[in-house]
**Q** 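Just dropping this structure here.
What you see is a predicted model, and the numbers here were worked out from it, not measured in a lab.
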Amino acid sequence: MRYLTLALLPFVYAQQHAFETKQQELWTTKYGPQTDLSFTGPLSYSHLPYTRCLDDSSTTFDIAVLGMPFDTATSYRPGARFGPNAIRSGSSRQNPARGYALEWMTNPYTRAEVIDCGDVPISPYDNALAIDQMETAYTTLLARPVNETASARTAKLARDGVEHPRILTLGGDHTIVLPILRSLYQVYGPISVIHFDAHIDTWPSGGGFSRQSRVNHGTYFTWAFEEGLMSNTSIHAGIRNKLEGTELIEHDEEIGFELIMADEIDDLGTDEIVRHIRQRIGNSPVYLSFDIDTIDPGQAPATGTPEPAGWTSRETKRILRGLAGLNFVGADIVEVAPAYDDAGETTGILAAGLADDFLTLLIVDEPPKRQVKRRRTLADEL
């Protein structure tokens, strides 16, 4: 027994020293835990927990933020491969602990398990390989069990009757939607799409010098239609690009889209645009795809194909709030190319804020009902 006691002495001393060291940690005693400030810490979206989810199959979540740094199918200015990084950087002042949005009247981070799953490692040399990598990654995460923090939303829409997580994708050029729709189709069947963009992106898939060159950020919806991935109840919003002729609009209608022009907001207003989109989509599973060039380049200059006379960020965010309660199965924000941003990183900050709205859209059941207090006016005084 005596020798046993002596043998245990080093262990006892070590434990006592560890306890004393823990008790004597000056920083913890004086200032508490080491928290990240808005301008410090690892780069993740809104300071969310960051996990390489494709490597860790044990990680569960309700919503994943996933980067797809792909831009080798652009027709004008490249650079959207740096979009995920710019959006994460733009989200630095966002934080789950301070995530309550007055206009939404909720904090989405308290209503679901949301994590940043990092970026898909995508080939910058081979587009066919890159598209397969994106589809494989999305399909892998879509098959994960949900954390069950959020209320059940997708089981009633899924072919297998099982709840599936949702993914908020940070692009990347708009071609990334084709592999995403391929993945979603496996779970939900044909998908309706709400497509915010300055361009219709339903160019015919013919032409080009090779089959792969015909898959790009202007033709991906045509490919999705030809593969049967979309329903016939999709809609564009914010369109203002020039075309070769009206036959392209006829082609667009054949693919299954209705069209809301950017300047129609002057005549219809945001509420009527919301009503029209909701009526078009109905109760179908719907995917939200948002090109940052929806916003006027005066507010969002960092994009590959800027078009003048776009919507303001305030108008757009109001429309987005009006879409709450639709059966969203996923969302993206694409075409952020930070090389063309201003010194204040305006586009990246705006894109991060829009992505925060998309997270809320994936969680809430209906548009917020704000009680607007009537202000006294000069007429009241008179």
Side-chain angles (χ1 to χ4, degrees), residues 52-55 64-85 87 117-144 167-191 193 195 197 199-230 234 248 251-252 255-256 287 289-293 303-305 329-337 339:
R52 289 188 174 92
C53 298
L54 295 173
D55 286 341
V65 178
L66 180 67
M68 287 191 179
F70 173 84
D71 69 353
T72 47
T74 56
S75 58
Y76 189 42
R77 303 192 304 196
R81 69 179 64 181
F82 300 104
N85 186 280
I87 296 169
C117 281
D119 294 339
V120 182
I122 297 169
S123 171
Y125 310 112
D126 184 331
N127 280 7
L129 172 60
I131 288 173
D132 183 68
Q133 289 172 321
M134 289 185 280
E135 180 182 350
T136 302
Y138 204 98
T139 301
T140 298
L141 298 185
L142 204 58
R144 294 277 173 85
I167 300 172
L168 170 58
T169 308
L170 312 179
D173 78 47
H174 225 147
T175 314
I176 71 170
V177 172
L178 179 58
I180 289 173
L181 289 178
R182 286 172 174 168
S183 295
L184 289 171
Y185 177 83
Q186 298 174 42
V187 175
Y188 301 105
I191 302 290
V193 178
H195 175 225
D197 205 317
H199 313 89
I200 57 175
D201 293 357
T202 53
W203 305 96
S205 58
F209 297 100
S210 67
R211 184 181 186 278
Q212 193 56 49
S213 70
R214 297 195 294 272
V215 180
N216 57 63
H217 75 159
T219 64
Y220 61 93
F221 276 139
T222 299
W223 283 95
F225 164 73
E226 292 173 352
E227 294 178 17
L229 308 179
M230 298 192 304
S234 296
L248 290 179
H251 179 257
D252 186 72
I255 287 176
Y287 182 78
S289 187
F290 193 99
D291 191 321
I292 196 64
D293 69 20
T303 190
T305 49
V329 296
D332 68 57
I333 184 162
V334 299
E335 299 285 358
V336 174

**Q** Considering only heavy atoms from C-beta outward, does the side chain of Thr136 approach that of Val120 to under 4.5 Å?
**A**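 Side-chain contact under 4.5 Å: no.
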**Q** Assess the residue pair Glu335 and Asp173 against the criterion (side-chain contact (heavy atoms from CB on, under 4.5 Å)); give the C-alpha distance rounded to whole Å, side-chain angles, the decisive distance to 0.1 Å, and a yes or no.
**A** CA-CA 5 Å; Glu335 299 285 358; Asp173 78 47; 3.4 Å; yes
**Q** Take His251 and Ile200 through the side-chain contact (heavy atoms from CB on, under 4.5 Å) test and state the conclusion after the steps.
**A** CA-CA 11 Å; His251 179 257; Ile200 57 175; over 6 Å; no
**Q** Could I get the full list of side-chain hydrogen bond (donor to acceptor under 3.5 Å, both in side chains) partners for Asn85, not counting sequence neighbours?
**A**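 side-chain hydrogen bond (donor to acceptor under 3.5 Å, both in side chains) check on Asn85 returns nothing, list empty.
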**Q** Please enumerate all residues that pass side-chain hydrogen bond (donor to acceptor under 3.5 Å, both in side chains) together with Asp252, with sequence neighbours excluded.
**A**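 side-chain hydrogen bond (donor to acceptor under 3.5 Å, both in side chains) list for Asp252, sorted by chain: Thr202, His236.
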**Q** Suppose we screen for side-chain contact (heavy atoms from CB on, under 4.5 Å). Which residues come up paired with Ala337, at least two apart in sequence or across chains?
**A**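 With sequence neighbours excluded, Ala337 shows a side-chain contact (heavy atoms from CB on, under 4.5 Å) to Tyr340, given in chain and number order.
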**Q** Using side-chain contact (heavy atoms from CB on, under 4.5 Å) as the criterion, list what pairs up with Leu129, not counting sequence neighbours.
**A**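 For Leu129 the side-chain contact (heavy atoms from CB on, under 4.5 Å) partners, ignoring immediate neighbours, are Ser123, Asp126, Gln133.
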**Q** Taking side-chain contact (heavy atoms from CB on, under 4.5 Å) as the test, write out the residues that go with Pro190, two or more places apart.
**A**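 Scan of Pro190 (side-chain contact (heavy atoms from CB on, under 4.5 Å), adjacent residues dropped) gives Arg159, Tyr185, Ser231.
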**Q** If I compare all heavy atoms of Ile176 with all of Gly171, which pair ends up nearest, and what's the gap?
**A**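 Shortest heavy-atom separation between Ile176 and Gly171 comes out as CD1-CA, 4.0 Å.
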**Q** Can you confirm whether Ile180 sits close enough to Met68 that some side-chain heavy atom of one is under 4.5 Å from a side-chain heavy atom of the other?
**A**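 A side-chain contact under 4.5 Å exists here.
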**Q** Spell out, as yes or no, whether a donor-acceptor pair under 3.5 Å connects the side chain of Thr219 to the backbone of Arg214.
**A**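 Yes, because the side chain of Thr219 sits within donor-acceptor range (under 3.5 Å) of the backbone of Arg214.
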**Q** Less than 4.5 Å apart, side chain to side chain, heavy atoms only: is that true for Phe221 and Val177?
**A**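 Sidechains of Val177 and Phe221: in contact.
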**Q** Is there side-chain contact between Pro69 and Ile122, with at least one heavy-atom pair below 4.5 Å?
**A**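 Yes - at least one pair of side-chain heavy atoms lies under 4.5 Å apart.
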**Q** Could you note down all residue pairs passing side-chain hydrogen bond (donor to acceptor under 3.5 Å, both in side chains) where residues 68-77 supplies at least one of them, sequence neighbours left out?
**A**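 Sorted pair list: Asp71-Arg81, Thr72-Asn127, Ser75-His217.
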**Q** How long is the span from the CG atom in Leu168 to the CG atom in Leu66, to the nearest 0.5 Å?
**A**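 Answer rounded to 0.5 Å: 9.0 Å.
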**Q** Go through the structure and list residues passing side-chain hydrogen bond (donor to acceptor under 3.5 Å, both in side chains) with Gln212, not counting sequence neighbours.
**A**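 By the side-chain hydrogen bond (donor to acceptor under 3.5 Å, both in side chains) rule, Gln212 matches no residue at all.
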**Q** Quick one: does any side-chain atom of Asp197 pair with a main-chain N or O of Phe290 as donor and acceptor, under 3.5 Å?
**A**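 No: the side chain of Asp197 does not pair with the backbone of Phe290.
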**Q** How long is the span from the CG atom in Leu184 to the CG atom in Leu142, to the nearest 0.5 Å?
**A**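 CG of Leu142 is found 6.0 Å from CG of Leu184.
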**Q** Quick one, Trp203 and Leu248 - any side-chain contact, counting heavy atoms below 4.5 Å?
**A**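 In short, these two side chains touch, coming nearer than 4.5 Å.
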**Q** Listed by chain and number, what are the side-chain hydrogen bond (donor to acceptor under 3.5 Å, both in side chains) partners of Ser234, not counting sequence neighbours?
**A**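 So Ser234 forms no side-chain hydrogen bond (donor to acceptor under 3.5 Å, both in side chains) with any residue.
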**Q** Sequence neighbours excluded, which residues qualify as salt bridge (Lys or Arg N to Asp or Glu O under 4.0 Å) partners of Glu227?
**A**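 Scan of Glu227 (salt bridge (Lys or Arg N to Asp or Glu O under 4.0 Å), adjacent residues dropped) gives Arg182.
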**Q** Hey, are the side chains of Leu229 and Ile191 touching, using non-hydrogen atoms and a 4.5 Å cut-off?
**A**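 SC-SC contact between Leu229 and Ile191 ruled out.
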**Q** On a heavy-atom basis, which atom in Cys117 and which in Ala64 lie closest, and how many Å separate them?
**A**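 Result for this residue pair: SG-CB, 3.6 Å.
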**Q** Taking all non-hydrogen atoms of both residues into account, name the closest pair between Cys53 and Leu141 and its distance.
**A**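 Heavy-atom minimum between the residues: CB-CD2, 3.8 Å.
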**Q** Given 3.5 Å as the limit, does a donor-acceptor pair link the side chain of Thr139 with the main chain of Ser183, or not?
**A**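 Absent.
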**Q** I'd like to know if the side chain of Thr175 pairs up with that of Asn216 as donor and acceptor (distance under 3.5 Å, no hydrogens or angles considered).
**A**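 Asn216 and Thr175 do not have a side-chain donor-acceptor pair below 3.5 Å.
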**Q** Is any side-chain heavy atom of Asp291 closer than 4.5 Å to a side-chain heavy atom of Thr303?
**A**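 Yes, close enough: below the 4.5 Å cut-off.
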**Q** Holding to ring-ring contact (aromatic ring centres under 6.0 Å, His included), I want the full list of residues that pass it with Tyr220, two or more places apart in sequence or in another chain.
**A**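 Tyr220 satisfies ring-ring contact (aromatic ring centres under 6.0 Å, His included) with His174 once adjacent residues are dropped.
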**Q** Mind checking what makes ring-ring contact (aromatic ring centres under 6.0 Å, His included) contact with Phe70, not counting sequence neighbours?
**A**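 So Phe70 forms no ring-ring contact (aromatic ring centres under 6.0 Å, His included) with any residue.
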**Q** Mind checking side-chain contact (heavy atoms from CB on, under 4.5 Å) for Pro179 and listing every partner two or more places apart, or none if nothing turns up?
**A**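 Applying side-chain contact (heavy atoms from CB on, under 4.5 Å) to Pro179 gives Ile131, Met134, Glu135.
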